[in-house]
Amino acid sequence: IVILNVILKGSITGQIKSLKQEIGRFFSSDSQVVIRLEDIILDEDGAEIISNIPSFRIEKDGDNLLLRDDGGNPIETTLNEKNNLVPGDERYKAMYIEYASADEFRVHIKDPKTESWFNIYFVYVGDSIPGESFRVVAGNSQAFKIEEVESWGFKGKEKLGSGRGYIWSRTFPMIKDTWLIGYGPDTYSLIFPHHDIIGKINSYTDVNTVVDKPHNLYLQTIVSTGLPSLLALIALFVIYTILWVRHMKEVERDDIRRWMSVAIYAAVCGYLIAGFFNDSVISVAPIFWVLWGVGIGLASNSNKPRLIKNK
């Protein structure tokens, strides 16, 4: 590991430090970000952006935009040389509006802790959809209404594990709808709630992020092919472990099969542990299943003569 870390120019130690920081943030009561988007309320008069900084409201006033603070008072704005609408109120200094027109604009908000920006792209739909004013554009240029997305756990901790906290919190509720047979292999990206504008902003600062896998082998299994598949996977490992323990007791210490079994069992355990944070992918999975099959074969034939005898 030390040699590999040197070859990779400290990449392994960097990942360990990053993991330690993320675990510390997970068990901390402090939010991982200074700015957290709580909701976007779209109504027939405008859009209200609610966050843990002073909320504000945007309204269409003819060919212009009108900003109001969380008390409903107008916010004075100026249009700079880049055609950005900049609030004059000190409370809103970490935001501006990229102003194309009153019918199409982007709200940019800066997180002072991470120095990162996120933007929300609004389009006016009031002329074509009665009772509405703005919608949010995301994904493949679709205009979305803001709808509540079901989640479980990881609130305020969505950035854990490079966004895994967010992905898992949205994956758990998906299971209850089809826990028996799953949605089908490789359908995860089609089922995931990509219209979760607020969740994606809080997790990735980018509403266009496409989540195509759960980054967890076991969630991937139950979502794709149901609970029976997951139970079969677990049962197979339990049976393999029982066979392996018996194999270790029966085979002689200097038998090459013993050390082959130890190596394969360690590899299988390593893969299954890593599966808590990674998916089954085509580049690795075939090797894993071949090794596991060889391991079960060795563990099931302890009473056969050794392959290589000492001279």
Side-chain angles (χ1 to χ4, degrees), residues 30-148 156 158-159 163 166 194-209:
D30 297 331
S31 176
Q32 295 182 43
V33 293
V34 172
I35 296 178
R36 177 177 174 81
L37 190 64
E38 298 295 343
D39 199 2
I40 300 175
I41 300 175
L42 305 176
D43 54 43
E44 59 183 353
D45 297 318
E48 185 174 359
I49 298 176
I50 300 175
S51 69
N52 59 352
I53 63 169
S55 303
F56 59 94
R57 181 175 176 81
I58 305 172
E59 297 176 357
K60 188 175 185 293
D61 184 19
D63 294 331
N64 299 308
L65 291 177
L66 176 64
L67 266 66
R68 297 185 182 275
D69 64 16
D70 52 358
N73 304 306
I75 301 173
E76 183 180 348
T77 58
T78 56
L79 201 62
N80 65 15
E81 66 279 0
K82 295 182 178 180
N83 209 41
N84 294 331
L85 204 61
V86 181
D89 193 318
E90 185 70 15
R91 294 174 298 169
Y92 302 98
K93 64 180 181 178
M95 65 153 288
Y96 67 89
I97 296 178
E98 185 181 339
Y99 186 73
S101 70
D103 294 337
E104 184 179 355
F105 57 90
R106 295 177 185 267
V107 176
H108 295 260
I109 302 177
K110 182 181 181 180
D111 184 335
K113 185 173 183 179
T114 61
E115 296 295 320
S116 60
W117 289 83
F118 66 81
N119 71 84
I120 311 169
Y121 182 14
F122 290 93
V123 292
Y124 183 72
V125 297
D127 295 334
S128 57
I129 305 178
E132 294 191 30
S133 56
F134 298 109
R135 284 195 176 187
V136 177
V137 178
N140 56 348
S141 299
Q142 286 184 281
F144 290 98
K145 294 173 66 176
I146 300 299
E147 299 176 346
E148 185 176 357
E158 290 91 346
K159 288 183 178 289
Y166 164 71
H194 291 291
H195 60 284
D196 185 14
I197 306 296
I198 296 171
K200 285 187 177 182
I201 288 176
N202 286 329
S203 304
Y204 302 110
T205 69
D206 184 2
V207 297
N208 296 313
T209 300

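- Applying the side chain to side chain donor-acceptor pair (under 3.5 Å) test to H195 and every residue at least two apart in sequence or in another chain returns nothing.
- Listed by first and then second residue, the ring-ring contact (aromatic ring centres under 6.0 Å, His included) pairs involving residues 44-93 are F56-Y92 (not counting sequence neighbours).
- One finds the CG atom of N202 at 8.0 Å from the NZ atom of K159 (value rounded to the nearest 0.5 Å).
- Judged as a salt bridge (Lys or Arg N to Asp or Glu O under 4.0 Å), the pairs with a partner in residues 85-95 (not counting sequence neighbours) are, in order, D69-R91, D70-R91, D89-R91, E90-K93.
- Looking at S133, its side chain does come within 3.5 Å of a backbone N or O of G46 through a donor-acceptor pair.
- Under the 3.5 Å distance criterion, the side-chain polar atoms of E158 are matched with a main-chain donor or acceptor of G156.
- Nearest heavy-atom pair across S55 and I49 is CB-O, 3.2 Å.
- A side-chain donor-acceptor contact under 3.5 Å links Y166 and D196.
- Listed here is the closest heavy atom pair of I50 and L37: O-CD1, 3.6 Å.
- Not one N or O on the side chain of N84 forms a donor-acceptor pair closer than 3.5 Å with the backbone of V86.
- Shown here for L42 and F144, the closest heavy-atom pair between the two residues is CD1-O, 4.3 Å.
- Taking every heavy atom of both residues into account, M95 and W117 meet most closely at CA-CZ3, 4.4 Å.
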